[in-house]
Amino acid sequence: MEIREQLESLVGAALTAAVEDGSLAVQEIPDPSLERPRDESNGDWASTVALRLAKQAHKAPRDIAQVIVEHIPANTVIASTEIAGPGFINFRLSDSVLQTVVRTVREEAEGYGRGTVDEGMRKVNLEYVSANPTGPLHVGHGRWAALGDAMARVMRHAGYDVYEEFYINDHGTQMDVFGNSVSVRYMQQLGHDVEMPEQCYGGSYVGDIAAEIIQRDGDKYESMSDQERMEAFREIAYREMLDLQKNILGRMGTTFDRWFSERSLYVPDEAGETAVSRSLAAMADKGYVYEKDGATWFKSSALGDEKDRVLIKANGEMTYFMSDVAYHYDKMQRGFDHLIDLWGADHHGYIKRCECMLEAWGWPGALEVVLGQLVNLYRDGEAVRMSKRTGEMVTLEELVDEVGVDATRYLMLSRSSDQPIDFDIEVAKKKDNSNPVYYVQYAHARICSLLRKAADPTDARAVEAGELSMNELAKKLVPEGADLSCLTHPAELALMRKMDEFAALVAQAARDRAPFRLTHYAQDLAALFHSFYTSCHILSEEEPVRGARLALADATRIVLALSLNLLGVSAPEKM
RNA sequence: GCGCCCAUGGCUCAACGGAUAGAGCAUCAGACUUCUAAUCUGACGGUUGCAGGUUCGAGUCCUGCUGGGCGCGCCA
């Protein structure tokens, strides 16, 4: 049982006993209300239950606290209890219970801190990035890629069943415009005097695609009609852009369970129905669809939207919103408990109508939109907007080429998603202490180095040769039964306390969709390790101190690697 | 005009409605004959944008301002 749970049951028992013997006059037995004090001098855990009960029990908080403390059963978990301030009950854990953390971590390894989520909330569809396949991914997409992927990892660890999805906007007029843009460049490169229309894609990558087509297939498209050529190039360029996007996302370590094509929403089944027609019929069944001015409308204003939304235009074309209606309906039909869409903050005006459509079908609250603020790129403090190569937005690929995957991901993840990021390329490239990713990775590498040094020469060679993993080495070096009772140095206790927090932190990060908390946690843990490393020598100590400290270092290694893994950042064994 | 988001040391950011608002960077002063100095120890630095309100308690919640970002198509 986790330490927190042990403490909760002790406080719970005290509350029950106090209510039963009449010394606490309340209706129901309250929650233990445990929290971790901000200031360490206030103990390892604190309960605010006395403060919360003051009004209901008609008693001063400190008096209530006194009653509760008197009813806590005898135990080996709590070393000391103190009533402080207006009525906090502060608990200090015994060294022996803290020491169990080391064993728990090493036993559970990568499963440490795993949580559970109730049936009915567990199956989550997480959709993110979802860029148009009409150009390379830019830096902003990199943030959603890092954030969505880390959210999925963190939520899975917390017990959610997460299905990751990328929605490809491959239907509609933008695709035609894209095909046409390539077509124009193609004809220009073959010497024709045609101009790029106003709203076309002007990026240099469009010309690159045209040049590739010429190199591969020569002038075989030259004699086609503009329409035929546009359609042919639309498909060629679409595949190329999609591959490019998949490629860079793969490099980022971001993978999806499904790449969902918008076009598929328009493909009829045996009965001639499409996802679009089904979703529309379901909405009409509930009475939220009507015709006006030759168009088909969603009566979203009845559900709180500021106005109704067009689904099918007067000219018969489907709106982008219609596709989204069909797509979200499809997702719900696939049996998810909850849908999460991760969007850029510039789409916030779109949220209400999407929430309305789920409500229209009878699933209010099923959709959760997480907005991410934008990324501002800097170089040495100067704003960067243009890419040197393409003359446009800096692509994600260029950024990753320059600063690397780990630093990119870590920095993208280290802020709350509702905070804009000022990303300075030069700072990101620095490999010193101004770059927190290396600080954390260094702590991990340092522990690995320690384990290698502690090993006998044969094992050390096996590790070097890749024949023995760090985990295997650690198991050989420090048996599970190591005597941990000598871990009583303040730096050791602080490290164990921090690791004890891990499960609660993962649960909170998952609940708040806030992987950035893991970056702070990893930095704190790394700092505590570095501090421990400086103040407590390990290899030069006699047993059992040496073994106990190695066990503690190994547990730290496991939690650091786990934290980095949940962020999608590598945990190097050497630096 | 309406709507959403944001405002915390010089800079970048933390703080389930809890206690004396915390870290990192920068600055300054120290620590390598010792397991990786990509490290550590310490100091300096704050009226949490402004004004009210809610309560045992507000950086956090509510209202109104100020300042900044974004959005308000039969575009995608």
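The sequence lines fix the lettering, A, B, ..., with proteins before strands; numbering per chain opens at 1. Atom set for the values below is all heavy atoms of this structure, side chains included, hydrogens, waters and symmetry mates excluded.
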**Student:** By the 4.0 Å heavy-atom rule, please label A/Tyr350 as base, sugar-phosphate, or nothing.
**Tutor:**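 Base, at least one base atom sits under 4.0 Å.
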**Student:** Syn or anti for B/C32, please, going by whether the chi angle lies within 90° of 0.
**Tutor:**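 That one's syn.
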**Student:** Take nucleotides 6-11 of chain B nucleotide by nucleotide from the 5' end and write B, S or -, depending on whether a protein heavy atom sits under 4.0 Å from the base, only from the sugar-phosphate, or from neither.
**Tutor:** S-----
**Student:** What does A/Lys430 touch in the nucleic acid at a heavy-atom separation under 4.0 angstrom: a base, only the sugar-phosphate, or nothing?
**Tutor:**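 Counting heavy atoms under 4.0 Å across all strands, no contact is made by A/Lys430.
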**Student:** To the side chain of A/Asn42, which of B/A19, B/A38, B/C74 is closest?
**Tutor:**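 Nearest to the side-chain atoms of A/Asn42, counting from C-beta on, is B/A19.
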**Student:** Indicate, with a heavy-atom threshold strictly under 4.0 Å, whether A/Ser323 touches base, sugar-phosphate, or nothing.
**Tutor:**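 Nothing, no heavy atom under 4.0 Å.
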**Student:** Kindly say if A/Lys313 contacts the phosphate of B/C75, meaning a side-chain N or O under 4.0 Å from OP1 or OP2.
**Tutor:**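 Affirmative; the distance criterion is met.
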**Student:** Between the side-chain atoms of A/His348 and the base atoms of B/C70, is any donor-acceptor pair under 3.5 Å?
**Tutor:**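 Checked by distance alone, the answer is yes.
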**Student:** Heavy atoms only, 4.0 Å cut-off, all strands: where does A/His171 land among base, sugar-phosphate and nothing?
**Tutor:**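 Sugar-phosphate contact only - A/His171 comes under 4.0 Å of backbone atoms but never of a base.
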**Student:** Which is true for A/Arg309 with a 4.0 Å heavy-atom rule: it touches a base, it touches only sugar-phosphate, or it touches nothing?
**Tutor:**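 If one applies the 4.0 Å heavy-atom cut-off, A/Arg309 turns out to touch nothing in the nucleic acid.
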**Student:** With sugar-phosphate meaning primed atoms plus P, OP1 and OP2, does A/Ser414 contact a base, only sugar-phosphate, or nothing at under 4.0 Å between heavy atoms?
**Tutor:**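 Nothing, no nucleic acid heavy atom in range.
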**Student:** Each nucleotide N or O in nucleotides 53-61 of chain B that has a protein N or O under 3.5 Å away: list the pair and distance.
**Tutor:**
from: B/C56; atom 1: OP1; to: A/Lys55; atom 2: NZ; distance (Å): 3.1
from: B/G59; atom 1: O6; to: A/Arg38; atom 2: NH1; distance (Å): 3.1

**Student:** RNA chain B in dot-bracket, Watson-Crick or G-U pairs under 3.5 Å, [ ] crossing, | other strand?
**Tutor:** (((((.(..((((....[...)))).(((((.......))))).....(((((..]....)))))).)))))....
**Student:** So what does A/Cys536 hit on the nucleic acid, given a heavy-atom distance under 4.0 Å: a base, only sugar-phosphate, or nothing?
**Tutor:**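 If one applies the 4.0 Å heavy-atom cut-off, A/Cys536 turns out to touch a base.
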**Student:** Between B/A19 and A/Asn90, counting only base atoms on the nucleotide and side-chain atoms on the residue, is there a donor-acceptor pair under 3.5 Å?
**Tutor:**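 Pair found.
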**Student:** Scan A/Ala454 against the nucleic acid and name what it touches under 4.0 Å (heavy atoms): base, sugar-phosphate only, or nothing.
**Tutor:**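 The answer is nothing, as A/Ala454 stays clear of every strand by at least 4.0 Å.
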